[in-house]
Protein chains: 4
Amino acid sequence: MEGAHPAILKRLLDTNLEQTPGYGDDHYSQEARERIKAACAAPDADVHLLVGGTQTNMTVIASILRPYQGVISADSGHVNVHECGAIESTGHKVLTILSADGKLTAEQIYRRWREHWDDPNAEHMVQPGLVYISHPTENGTLYTKAELEAISNTCHECGLPLFLDGARLGYGLAADGADLTLPDVARLCDVFYIGGTKVGLLFGEAVVITNDTFKPDFRSLIKQRGGLLAKGRLLGLQFDTLFTDDLYFRISRHAIELANILRQGFADAGYPFLFDSRSNQQFPILPDVLLNKLCDNYSWDFWTRLDEGHCGVRFCTSWATTEENVRALLRDIG
Amino acid sequence: MEGAHPAILKRLLDTNLEQTPGYGDDHYSQEARERIKAACAAPDADVHLLVGGTQTNMTVIASILRPYQGVISADSGHVNVHECGAIESTGHKVLTILSADGKLTAEQIYRRWREHWDDPNAEHMVQPGLVYISHPTENGTLYTKAELEAISNTCHECGLPLFLDGARLGYGLAADGADLTLPDVARLCDVFYIGGTKVGLLFGEAVVITNDTFKPDFRSLIKQRGGLLAKGRLLGLQFDTLFTDDLYFRISRHAIELANILRQGFADAGYPFLFDSRSNQQFPILPDVLLNKLCDNYSWDFWTRLDEGHCGVRFCTSWATTEENVRALLRDIG
Amino acid sequence: MEGAHPAILKRLLDTNLEQTPGYGDDHYSQEARERIKAACAAPDADVHLLVGGTQTNMTVIASILRPYQGVISADSGHVNVHECGAIESTGHKVLTILSADGKLTAEQIYRRWREHWDDPNAEHMVQPGLVYISHPTENGTLYTKAELEAISNTCHECGLPLFLDGARLGYGLAADGADLTLPDVARLCDVFYIGGTKVGLLFGEAVVITNDTFKPDFRSLIKQRGGLLAKGRLLGLQFDTLFTDDLYFRISRHAIELANILRQGFADAGYPFLFDSRSNQQFPILPDVLLNKLCDNYSWDFWTRLDEGHCGVRFCTSWATTEENVRALLRDIG
Amino acid sequence: MEGAHPAILKRLLDTNLEQTPGYGDDHYSQEARERIKAACAAPDADVHLLVGGTQTNMTVIASILRPYQGVISADSGHVNVHECGAIESTGHKVLTILSADGKLTAEQIYRRWREHWDDPNAEHMVQPGLVYISHPTENGTLYTKAELEAISNTCHECGLPLFLDGARLGYGLAADGADLTLPDVARLCDVFYIGGTKVGLLFGEAVVITNDTFKPDFRSLIKQRGGLLAKGRLLGLQFDTLFTDDLYFRISRHAIELANILRQGFADAGYPFLFDSRSNQQFPILPDVLLNKLCDNYSWDFWTRLDEGHCGVRFCTSWATTEENVRALLRDIG
């Protein structure tokens, strides 16, 4: 894990001694918000800049749900697994749906909603109040435009707002064959966020609220949950830079191209994959003996053990990954 | 659903005009607590009388867990399904384990705990902090003494307190072949409760805390969660009566005997069961055509649909059920 | 503290062996709700029957507030002092206003609201989202119709719902010179409750929701907060009886008449009062030497110490207080 | 408000392309923690690096309190006023003590604690579970070593942990006449934090836990509350730099010297002050007519209106303030 794209750091350096108001009331944050709305083709959206992903998920979800409601999520969803109960700490249950690839389908959502309201004991059960999906998912899988449209339609039909966790959104938009655009996401979701931490920034997640219902007082909730950065311009400067000259998309595309090389390399070497990922995350299944050799020079995340001799692992590429390093890894597995 | 066993109502009537202090500081509550401790062979336990089951579960669980901890439960556990997110409303996740019959095994608990601490991302995940079981379970199944001892040992080994939801405990203790006693339960659990609402009282659940760690300030938590009954003697009077002359066990045994007749009757008529229950709850699988005929004179709970013509349903017996009515039902299914 | 008015207990006894559905879906609860709506001249209100006061306050307040909002209350309000942080346990701050007599004025409410929104840091501060008053107050003081109308108008002007805690409401309505009626309360408040625990019932508080905004899913919240009584008909039967033949008002008036005798007696004996209370609570300031003599035969609540020799205390009358006992007390202080 | 001290930014730049593990497991964070422990003369302390102050306060307080406990704070405390109910959002009440200058005394704390436990209704009231003080306070006032020792002794006597909010701690330690040192603070408090955001960093607050009771699993709570920065080394690098070559103390002293000039200037010009502050915050009372003239070139915070023509305001100095600017301001008020 590196710091930030050099253009980001340069911007912080250039503006360091300027004096601006705090808490996001500065002109850099204002410009960042305008650029993001433009990139989303969502001129009426509200945009808020937060520091981290868990913070963002818990703030958005707490802002939407009534106390007796829960959020529908794939069982592998980040909010269900890797946020140490942040959602529950705000009083809400995560209503899980089993998913092999990390995606939800419109039909699964409809069925879960239908089951709740058909149950004679519905009043004694947590009411579905929101749908959470991540794109790319935690497994690197992607929604097509048709799939997201179907989900969005189902959500509207059921009166369930749709929230998309875009911690890695750029990689999903830049993937080969991806037909979803940022304006599509803005049009089909009620709230979503554009992750900066994993796409070139030091930190930062930009929440985009397109549904008017969820706009009022969102800053109060950010403050209450500890997410209102005092020197808010740091977020403004970073996102302003990220959404200038297509940096966000160029960074994302760079990582995708290297991930493609990586995937092809593992496939050529005969290794299968846990998931069919077109994003910057690749999940090859490798023998322990190989992993033991690689670990001096490369790092990955352990994902799951398949048998006594094999693990599924995750390799990630980013703006900072070089083709040279990817080629070296592929040579070393050869 | 009837009111209370006549002996309970009579006691309320006889004492109605007496003046006593409120909030459980009266002598009836004191006597009830003493009788319960004697019945549990747990002279050092703390006993608290609360109104209802969900209230009791949420208060006990919130009193034990640290904010980042969750409670391990069978997926069918009452706290996971039918309490409208009460546990989550106190900030805690229910960590579910799939269970076909509603019971947990010592091995499942150990494995769940082991998995957590073996995960390199354990710090990002909800920490198991407590084990919740119900006896009888929501499916009428029962733990043997050996099973509960194994669970208790595993819990101690893992540093996980054990909490037993005894909403229907009397029926479990009185079931044919049951080898668990109230002193066993008190010895093997850190906290448990003796349900009165479903065993002859108007309302009331008696929490028994045997582990000293969880004793301090429990009344403050009851008050905060809205469970401290102003006229607390109503609880004292009821439990005092229930634990006089073995009323609790006699009531429970009565219901079990009628449940046995019911089970035998369904079996004789060739109907299978969802669960092998020896408790007061019986879960026959019946054809819709029969259920449609029965519904004028009998009531049951829908449990699950098996196919287009059959449902699994639940019949319950209680202190108030008469053999006459059970026989009539069996005649009608004949 | 006695049990319940004999008519209440009789009703429970008469109906004890009837079978009804649980959780308030029985016909007694339905009839009770209808009678209460009639007594309030509020045919479109939603009525819910809960067990206790703290439970009711926390459920109502949690149902109305957004996460970053707080409830305005007199500093002496029950929700601020004697509920062990129940409101805070649902995530909300109590925004206190100093009050000498326990009442709030329309002007105080307006000023508190104005101050919040005029503060340049309003976004960093808990937003007022609700006004809580009690009638009678914790100090026995009463709102006039004009005062409640002024508060109601101010609340509407400020967009603040008005919630009235009527734990002792009957005594307020029955007090000498009281010009507020139950229909007035229903007309002027968004939500309020009619306390039964302190006015003749074993337990029970009837929430009346007149503002449509706060009606949906209230039962889910009751369930989640542990307030949905399994044998809900116990509440239905009690309130049905209480609102038949004016029992609620007759009980209340009885207590007021005895409180009047008590007040006059203390005044005739030359004792001052902490508060000018016309309700069933009287707050004489008495010498310790007298209190020490009285404590064998009478009980009261310590309220505050005034100097080394005098305390302010609270005497309460109720449906069960007899004139004989009141006269005896007055003789003994003579 | 500027960005960060140039040495901080330079360090981020120099290390930007290094690869390190995330979430604070990097060697920079490790070094920062060691330097902080050394500066505190607290080799056994646990040190955690968080992003912001509200986040830090809510995480520390939630880690210490039991559900029915509250935190004692001056009514002017940041946790009571300007955190949008963050403490209440974790379920806890702020138990306020009126304070004219923002400080608490040992005697006030003792009295508040005594009052709670002497109250016959203590079980119905929020239990004091922690004392929160800020140093410097929100009003710029400072504790002497003797005062902090008295508070610490009282806290230990009462079994109340002591938590010191050091968002501006450096300025308090560097103030003229200050006799408290960082090792004193570490010795006298159970938990405290060293604020970086207001003392030269882009962001960052270093929590120091000296009491072993509160050490376990603190990182889990940070994660749950959304405070675990993914690229944690950004915090490590900043604090490592801040605690190298006394930068923290040099920065703080610089601000104090300019604040002294400012205070003297206002005093010489005949203006009184709201508070007698020796810290980097100065609170002169100025005529509106003067403020209107100054607002083109200077910025301050509105604090309170004294009469129709005068306000109390706050001027802050920092590492970035120049003597030239301070002199210019003083000329302009002349």
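FYI, side chains are in, hydrogens and waters are out, and symmetry mates aren't considered; it's all heavy atoms of this structure. Lettering of chains follows the sequences in order, A, B, ..., and the numbering in each one begins at 1.
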Heavy-atom pairs under 4.5 Å with chain A - which of D:E83, D:R225, D:R233 has more of them than the others?
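Of D:E83, D:R225, D:R233, D:R233 has the most heavy-atom pairs under 4.5 Å with chain A.
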Residue, of D:L229, D:L221, D:L202, that accumulates the most heavy atom pairs under 4.5 Å with chain A
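Heavy-atom pair counts peak at D:L202.
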Under 4.5 Å, counting heavy-atom pairs only, tell me which of A:A320, A:A4, A:G227 racks up the most with chain D.
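Most heavy-atom pairs under 4.5 Å with chain D: A:A4.
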Find the one option among A:S299, A:G91, A:G85, A:G22 whose heavy-atom pairs under 4.5 Å with chain D are most numerous.
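Winner by heavy-atom pair count: A:G85.
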So which part of A:I222 gets closer than 4.5 Å to some heavy atom of chain D, the side chain, the backbone, both or neither?
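Contact with chain D: none, neither part.
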Can you tell me how far SG of A:C84 sits from NZ of D:K223, rounded to the nearest 0.5 angstrom?
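D:K223 atom NZ to A:C84 atom SG measures 8.0 Å (nearest 0.5 Å).
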Considering only heavy atoms, which portion of D:L234 lies under 4.5 Å from any heavy atom of chain A: side chain, backbone, both, or neither?
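For D:L234, the contact with chain A is made by the side chain alone.
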Within the structure provided, determine whether D:E2 and A:N16 are in side-chain contact (heavy-atom separation under 4.5 Å).
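D:E2 vs A:N16: side chains apart.
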Under 4.5 Å, heavy atom to heavy atom, which residues of residues 50-58 of chain D contact chain A?
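The list, in residue order, reads D:V51, D:T54, D:Q55, D:M58.
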